[in-house]
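Scroll down for the structure; my scribbles are underneath it.
Proteins come first, then strands; the chains are lettered A, B, ... in the order of their sequence lines, and each starts at number 1. Values below: all heavy atoms of this structure, side chains included; hydrogens, waters and symmetry mates excluded. Keep in mind that this is a model prediction, so the values were computed, not measured.
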Number of protein chains: 2
Amino acid sequence: MLLKVPETEAFEEELSVTASTLSEVAKLAGVSPATASRVLNGSARTPAPEIAERVRQAADTLGYIANAQAQGLAKARSGLIGLIVHDIADPYFSAIAQGVQAAARQERRMVLLATTNGTPAEEKEAVAAFAARRAESIVIAGSRSTRSEDARANTDLAAELDRYCRNGGRVGVVGQAILGVAETDSYRTIAVPNEQLARDLARDLARTHKGPFVIVAGPEGLTTSDERVMGFQRGLSDAGQPAADIVHVAFNRNGGFDAGIELAWRIKASDRSAPDQRLCIFGTNDVMAIGVAAALRDQGLRVPHDASLAGFDDIEWLRDFRPALSTVSLPLEEIGRLATMATLSNDNGGAAAVVGSVTLRRSTGSP
Amino acid sequence: MLLKVPETEAFEEELSVTASTLSEVAKLAGVSPATASRVLNGSARTPAPEIAERVRQAADTLGYIANAQAQGLAKARSGLIGLIVHDIADPYFSAIAQGVQAAARQERRMVLLATTNGTPAEEKEAVAAFAARRAESIVIAGSRSTRSEDARANTDLAAELDRYCRNGGRVGVVGQAILGVAETDSYRTIAVPNEQLARDLARDLARTHKGPFVIVAGPEGLTTSDERVMGFQRGLSDAGQPAADIVHVAFNRNGGFDAGIELAWRIKASDRSAPDQRLCIFGTNDVMAIGVAAALRDQGLRVPHDASLAGFDDIEWLRDFRPALSTVSLPLEEIGRLATMATLSNDNGGAAAVVGSVTLRRSTGSP
DNA sequence: ATGCATTGGGAATGCGCTTTCCCACTTCAT
DNA sequence: ATGAAGTGGGAAAGCGCATTCCCAATGCAT
């Protein structure tokens, strides 16, 4: 008994591996937890300045950091925003993510990230995970899929999203609305006028290009790609041109490369000096177009000399690419920001439309 | 009183905007919350199959999703991993993020994202926010800064990280160790041998290039850039070449562009046909090198004809760039994965070193 | 039959915080 | 001097869950 080590309170505190709590701060400051809470974590009621100071001091010496989980539980607000993308390493998505992050920061929220490879099944999982974390809103980016093998998973995704919304969540959808989802105010869609812009692009290209057009598209059923294809065809039609051939490949750089190899044969077989035989290739997104360009180059063909080439998105990191890629500029970061803000505001009114624009560059013969 | 609307329980439930809870599920299944918890959310004790089924049914009809915040509070584990990057739109960071995300997914964790523009002050804030959310570990990527104006913020960052670690957190550091931080097992550094690789690069370049070298570096004090500069100079020295001139600009594409404009003058003033006067420019990261290339092109100069150019990182999206950029390949995604796994495992042993390699391409005259 | 270990469900407690409610006290008008 | 109307601090009740502890029921050996 005499040898019992006197464990001082300080000693115990030093050993503690868990963060200090509000109660500890309160005790040290000689006030109740309620008061401590009021001074440290914001409240309508402001304790006396002298007390507040004492509490702040105590918090400081203890290195107190409020437990956001506990706060979330108590306040029923998590301060979390979920972001769902196909692939964060894809510049299209990382640009959007940047916008989401910026908006979240401004609104004092944190962002939870989930990547899904574009499969509805994984998207559904991500929604469930965000719902579990009680994220206040979810921003979901990336093309929808209408392919039959995804039908089931799409239904599940819609159901999961609907459930999330019923529980009070908000969903910001980038691009096109999600099929099968309830018609509620909880969904805030930031529509990207893919079809209109692709149509504009086709019309602009048709003004100078007199040969045939070919579209390098993503898999059939990928909505974004489908919309761009449809718009482009419509634009050609507007200009009195015949519809373009379509080659479906993966909606990424390698898909574009594959298509490019195939097209290279066709180009080589044609009379490239005849303006009415020169090909104009439209890749339904920039990275696909870059893939096409790489393949053509690989096959000894030159853009725009042997064929014209255009993309879609105007990815920032691809702007230094030569020949500079004609494309449709999209304010990606802005889109991310808009989607986020839309989920956070109560009025659904300002469904601000995204404005893009055709940007013609060297790859289609512009100087 | 006669007109009082009889609110049935079902009606109330329908109106409820909050997710259903464990207790509700338990009540519906006719068991205690404890039992429901055991069957739904994993436990050492497994209730009888017949009861379990009833509970699962109840959960299903109620669309129950466990509240991860409450679970986190009760279990003292959040299942969260914090990721801190300078700029998620930068392909360097988004590649790392991809790796972190993959590892997190595999380990059944969610990732919280924070971007900081590379300032220690914002990094500190991010750490505090993650600590508040009780993230189990934090992965921090992006160059450190030793600039004097950042000294104070760096100290604060180190203090914040130390506090986080004292409270049981783990930190995975990508690149170089963080200055001023305690020497504890809690920090798991994934060292990137910037200096060694830059040295290798310089030696390889010096083998064929006989003219002067110039380094386009980030701001002085940016550790990653400094390390690469130092290694490069050492490599030149190894090869018996004089040290390279250094031009300090922003550590991004535009910085490279600015430097490129400046260097264009120097190149134009030299006798480009004399091999011993041809310049070899080393951009301390790929996007800077791309900026340099853009500027040179802008000034009517050609790479590698008028000057050689090399970068560092081997960013995937830049590989289709022409002339193909000589660079040092870094397994970015793998680095992200490693950093994440390192924070999650208990043995600090396998501080697996990152292995990079020099990749010579057309921009330095390789075929 | 008796005693003991084992099983499995439920009551109760606590995780760390917010917030309502209560109450002692001050201030002001009458 | 008195009551009404503020002030401001603390007690206590949750938020939704995990988990410890308790206890009745069962299985088994003796």
Side-chain angles (χ1 to χ4, degrees), chain A residues 16-56 58-59 62-80 131-136 167-168, chain B residues 16-56 58-59 62-80 131-136 167-168:
Chain A
S16 157
V17 285
T18 66
S20 48
T21 71
L22 225 213
S23 316
E24 292 172 17
V25 172
K27 203 189 320 171
L28 182 58
V31 301
S32 76
T35 301
S37 169
R38 291 198 260 255
V39 12
L40 293 179
N41 304 322
S43 156
R45 290 180 50 175
T46 328
E50 182 258 349
I51 288 194
E53 189 47 35
R54 259 197 358 249
V55 172
R56 257 184 282 272
L62 254 40
Y64 172 73
I65 296 188
N67 185 326
Q69 301 199 86
Q71 289 184 308
L73 229 205
K75 298 205 241 197
R77 301 191 305 102
S78 66
L80 257 22
R133 296 235 122 83
R134 299 301 186 263
E136 292 171 28
N167 291 341
Chain B
S16 156
V17 285
T18 66
S20 49
T21 70
L22 225 212
S23 317
E24 292 172 18
V25 173
K27 202 188 323 171
L28 181 59
V31 300
S32 75
T35 302
S37 169
R38 292 198 260 255
V39 11
L40 293 178
N41 303 322
S43 154
R45 289 180 50 176
T46 327
E50 183 259 347
I51 288 193
E53 190 45 34
R54 247 175 37 226
V55 171
R56 256 184 283 272
L62 254 40
Y64 171 73
I65 296 188
N67 185 326
Q69 300 198 87
Q71 289 185 307
L73 228 206
K75 298 204 245 197
R77 303 191 305 102
S78 66
L80 256 23
R133 295 237 124 80
R134 300 301 187 261
E136 292 171 28
N167 291 341

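Scanning both residues, B:Pro33 and B:Leu22, for their nearest heavy atoms gives O-CD1, 3.7 Å. Nearest heavy-atom pair, B:Ala36 versus B:Val55, reported as atom, atom and distance to 0.1 Å: CA-CG1, 4.0 Å. Contact detail for B:Val25 and B:Ala58: the closest heavy-atom pair is O-CB, 3.7 Å. When all heavy atoms are compared, the tightest approach of B:Leu62 to B:Leu28 is CD1-CD2, 3.6 Å.
Distance NZ (A:Lys27) to C1' (D:dG10): 16 Å, rounded to an integer number of Å.
Judged as a side chain to side chain donor-acceptor pair (under 3.5 Å), the pairs with a partner in residues 36-52 of chain A (not counting sequence neighbours) are, in order, A:Glu50-A:Arg54.
In this structure, the side-chain contact (heavy atoms from CB on, under 4.5 Å) partners of B:Ala135, at least two apart in sequence or on a different chain, are B:Leu80, B:Phe130, B:Tyr164.
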List the atom pairs, donor and acceptor, that lie under 3.5 Å between side-chain atoms in residues 63-75 of chain B and the rest of the protein, sequence neighbours left out.
residue, atom, partner, partner atom, Å
B:Asn67, OD1, B:Gln69, N, 2.8
B:Asn67, OD1, B:Ala70, N, 3.2

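Overall bending of the helix from C:dA1-D:dT30 to C:dT30-D:dA1, expressed as the angle between end axes built from five pairs apiece, is 40° (10° steps).
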* To do: Heavy atoms under 4.0 Å is the rule here; annotate nucleotides 16-27 of chain D 5' to 3' with B where the base is hit, S where only the sugar-phosphate is, and - elsewhere.
  => BBBBBB------
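Taking every nucleotide of DNA chain C with any atom under 4.0 Å from a non-hydrogen atom of chain B, the first and last of them, 5' to 3', are C:dG8 to C:dG16.
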